[in-house]
Number of protein chains: 2
Amino acid sequence: MQNHPPQFNQNHLLAALPPAELERLKSHLELVHMPLGDVLCESGGRLSYVYFPTSAIISLHYILENGSSSEVAGVGNEGMLGISLFMGGENTPTWATVQTAGYCYRLKGPLLLQEFNQGGPLQRVLLRYTQALITQISQTAVCNRHHTIEQQLCRWLLLTLDRLNSQELVMTQELIASMLGVRREGITEAAGKLQQAEIIRYRRGHITVLNRAGLQEHVCECYDVVKKEFDRLFRDVRK
Amino acid sequence: MQNHPPQFNQNHLLAALPPAELERLKSHLELVHMPLGDVLCESGGRLSYVYFPTSAIISLHYILENGSSSEVAGVGNEGMLGISLFMGGENTPTWATVQTAGYCYRLKGPLLLQEFNQGGPLQRVLLRYTQALITQISQTAVCNRHHTIEQQLCRWLLLTLDRLNSQELVMTQELIASMLGVRREGITEAAGKLQQAEIIRYRRGHITVLNRAGLQEHVCECYDVVKKEFDRLFRDVRK
DNA sequence: CGTAGTATGTACGCTAGCGCACAATATGGC
DNA sequence: GCCATATTGTGCGCTAGCGTACATACTACG
């Protein structure tokens, strides 16, 4: 697991800011630990802070009337939670819960808004991130329609892996199922196949990835699309 | 069909601008007719213009490696095409094609960008729209996972209806199927049920909605969520 | 060290939607 | 008015994933 003390630049958005800009924000950035399962925002709820994860992962998901749910995107150290604060409307129908315990830096909403409205590099970075998030959500929509549970599991594992500095995720099959919006048994079956192929190993809430390349052989194209889009959008973000 | 001459304020985003702002843009807004099937943007392609539909409807969709496709959102008179121009990155993996022929006002990309960067009411309106678009895409993702073809067809018909001033859509079942990312036969079946219930009537590429309330009885919650979110975000947009 | 409770494995019938094949019917262009 | 073509109807068998039920196995905690 992640034992390093958190650093500002472990969050890619903070890291993408010009040093002077980050320096200015530092005194307002508060480090907080987020426990697994913590609900940061319910549907229609208002966030008081925006969160920049370093080691935590937050899941953006919807809960339907019949109780079933689906993740539309995850937010890890590549992003932030709380875009509705600067996009307008202040809240969304989305839920946000902690999917992997860890640390975030947080910033008071009004302060972020004020900074955003300066229109400088921070605005640029946040809008780019929002664009990347849209791609992620869109790809989830398409993937939900056309790809198998096994493919989607691989996508989800890879995206989660990219947000951690570890090959092990603390995660029950039940939880993964609710993220993907499928039955727990569906995950048991798909994960069983991957384990037989010696791509992953799991025991009661711990999944270890043995062979990342193996995941990439089983994943659908959706992972690559999202990954490349994030890379592309942040490669030249400072220009 | 729509025989009125197009007006600027038929597009809700343009209508939401303060009169002075709209006045300033008018001389740059060019009215163009968009024929059915026109591809405005391929995956990774760059738009030279942004488009504000009045009577046209544009579909944002993905095409997968295996050739299947799915719409992630539609853009009608409630919105605009080309958010990536101001969000950053200039292009996206999304395709944009004309789903219903009609008119759009278009604006040169660099000009829009310049206006956006003023940070005034236009920026506010465009960001709010983007937020609403995110809700629409998210809801599509969830709907794809959990709802039946019939429910999704109703959602799609209602959303499309809201963008037209007409009860009749010019639309083959084949086209609807490719939007929803399902088989054409699936649409034939679902549409058959709706026709038997006297909710719609169709003949070779023309669908007439006889009973809008009937559609709302068969639709899933997703329609309402999207609809309400658009209403909410634009109710107070000028404040 | 035993046990309660959580997590995972497995089985079975069921349904929605798929893929394919082909029939039937409408419509616009000649 | 006729025909080529686009559109819609229908009928298979098939599969992925669902819902349910219950068995097993791990592990944390007393």
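Computed from a predicted structure; not experimentally measured.
- For the pair B/R201 CZ and D/dT8 P, the computed distance is 14 Å after rounding to whole Å.
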What pairs of donor and acceptor atoms, side-chain ones from residues 93-104 of chain B against any protein atom, are under 3.5 angstrom apart with sequence neighbours left out?
residue, atom, partner, partner atom, Å
B/T94, OG1, B/T92, OG1, 3.1
B/T97, OG1, B/H61, NE2, 3.3
B/Q99, NE2, B/E71, OE2, 3.1

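- Within the structure, the salt bridge (charged side-chain N to carboxylate O under 4.0 Å, His left out) test picks out no pair touching residues 50-66 of chain A (sequence neighbours left out).
- For A/T172, taking side-chain heavy atoms from C-beta onward, the closest of the listed nucleotides D/dC18, D/dT7, C/dT8 is C/dT8.
- Proximity of residues 219-226 of chain B to DNA chain C (heavy atom under 4.0 angstrom from any strand atom) is not detected for any residue.
- Rounded to 10 degrees, the angle separating the terminal axes of the helix from C/dC1-D/dG30 to C/dC30-D/dG1 is 30°, with each axis obtained from five end pairs.
- Within residues 186-199 of chain A, the residues that have a heavy atom under 4.0 Å from DNA chain C are, in order of number, A/T188.
- OP1 or OP2 of C/dC18 has at least one side-chain nitrogen or oxygen of B/R183 nearer than 4.0 Å.
- For B/A190, the side-chain contact (heavy atoms from CB on, under 4.5 Å) criterion is met by B/I149, B/E150, B/L153, not counting sequence neighbours.
- The CZ atom of A/R145 sits 13 Å away from the P atom of D/dG17 (whole-angstrom rounding).
- For B/L175 and D/dT8, the CG to P distance is 10 Å, given to the nearest whole Å.
- In this structure, OH on B/Y62 lies 13.0 Å from NE2 on A/H146, to the nearest 0.5 angstrom.
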Could you write nucleotides 22-30 of chain C as a row of B, S and -, 5' to 3', where a protein heavy atom under 4.0 Å of any base atom gives B, of only sugar-phosphate atoms gives S, and otherwise -? ---BBS---

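- Taking atom CD of B/E174 as the reference point, atom P of D/dT5 lies 17 Å away to the nearest angstrom.
- Counting non-hydrogen atoms of neighbouring residues, nucleotides and ligands closer than 6.0 angstrom, the CZ atom of B/R232 exceeds 12 such neighbours.
- Residues that satisfy the salt bridge (charged side-chain N to carboxylate O under 4.0 Å, His left out) test with B/R106, not counting sequence neighbours, are B/E30.
- Legend: residues meeting salt bridge (charged side-chain N to carboxylate O under 4.0 Å, His left out) with B/E185, ordered by chain and number and at least two apart, are absent.
- For A/Q151, the CD atom counts as densely surrounded, since its 6.0 Å shell holds more than 12 non-hydrogen atoms of other residues, nucleotides or ligands.
- Listed by chain and number, the residues in a salt bridge (charged side-chain N to carboxylate O under 4.0 Å, His left out) with B/E221 amount to none (sequence neighbours excluded).
- Regarding A/I149, its CD1 atom lies at a distance of 13 Å from the C1' atom of D/dG19, rounded to whole Å.
- Nearest heavy-atom pair across B/A141 and A/I137 is CB-O, 4.4 Å.
- For A/Q10 against A/T54, the heavy-atom pair with the smallest separation is OE1-CB, 3.6 Å.
- Between the side chains of B/R204 and B/Q173, not a single donor N or O lies within less than 3.5 Å of an accepting N or O.
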Could you walk me through whether A/Y105 and A/Y51 pass ring-ring contact (aromatic ring centres under 6.0 Å, His included), step by step? CA-CA 6 Å; A/Y105 286 100; A/Y51 296 83; over 10 Å; no

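- Sequence neighbours left out, the pairs with a member in residues 153-162 of chain B that pass salt bridge (charged side-chain N to carboxylate O under 4.0 Å, His left out) are B/D162-B/R212, B/D162-B/K227.
- Nearest heavy-atom pair across A/V75 and A/E78 is CA-OE2, 3.8 Å.
- Rounded to whole Å, atom P of C/dA16 lies 18 Å from atom CG of B/L180.
- Atom NE2 in A/H146 sits about 17 Å away from atom P in D/dA16, given to the nearest Å.
- Taken to the nearest 0.5 Å, the CD1 atom of B/I83 stands 7.0 Å off from the CD1 atom of B/I134.
- Between A/E150 atom CD and D/dT15 atom C1' the separation is 15 Å, expressed in whole Å.
- Contact between the side-chain N/O atoms of A/Q173 and the OP1/OP2 oxygens of C/dG9 is found at a separation under 4.0 Å.
- Counting heavy atoms from C-beta outward, A/L157 and A/C154 have side chains that stay 4.5 Å or more apart.
- Contact annotation: B/Y202 side-chain N/O to D/dG9 OP1/OP2 distance is under 4.0 Å.
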N/O contacts under 3.5 Å, protein versus nucleotides 1-4 of chain C?
none

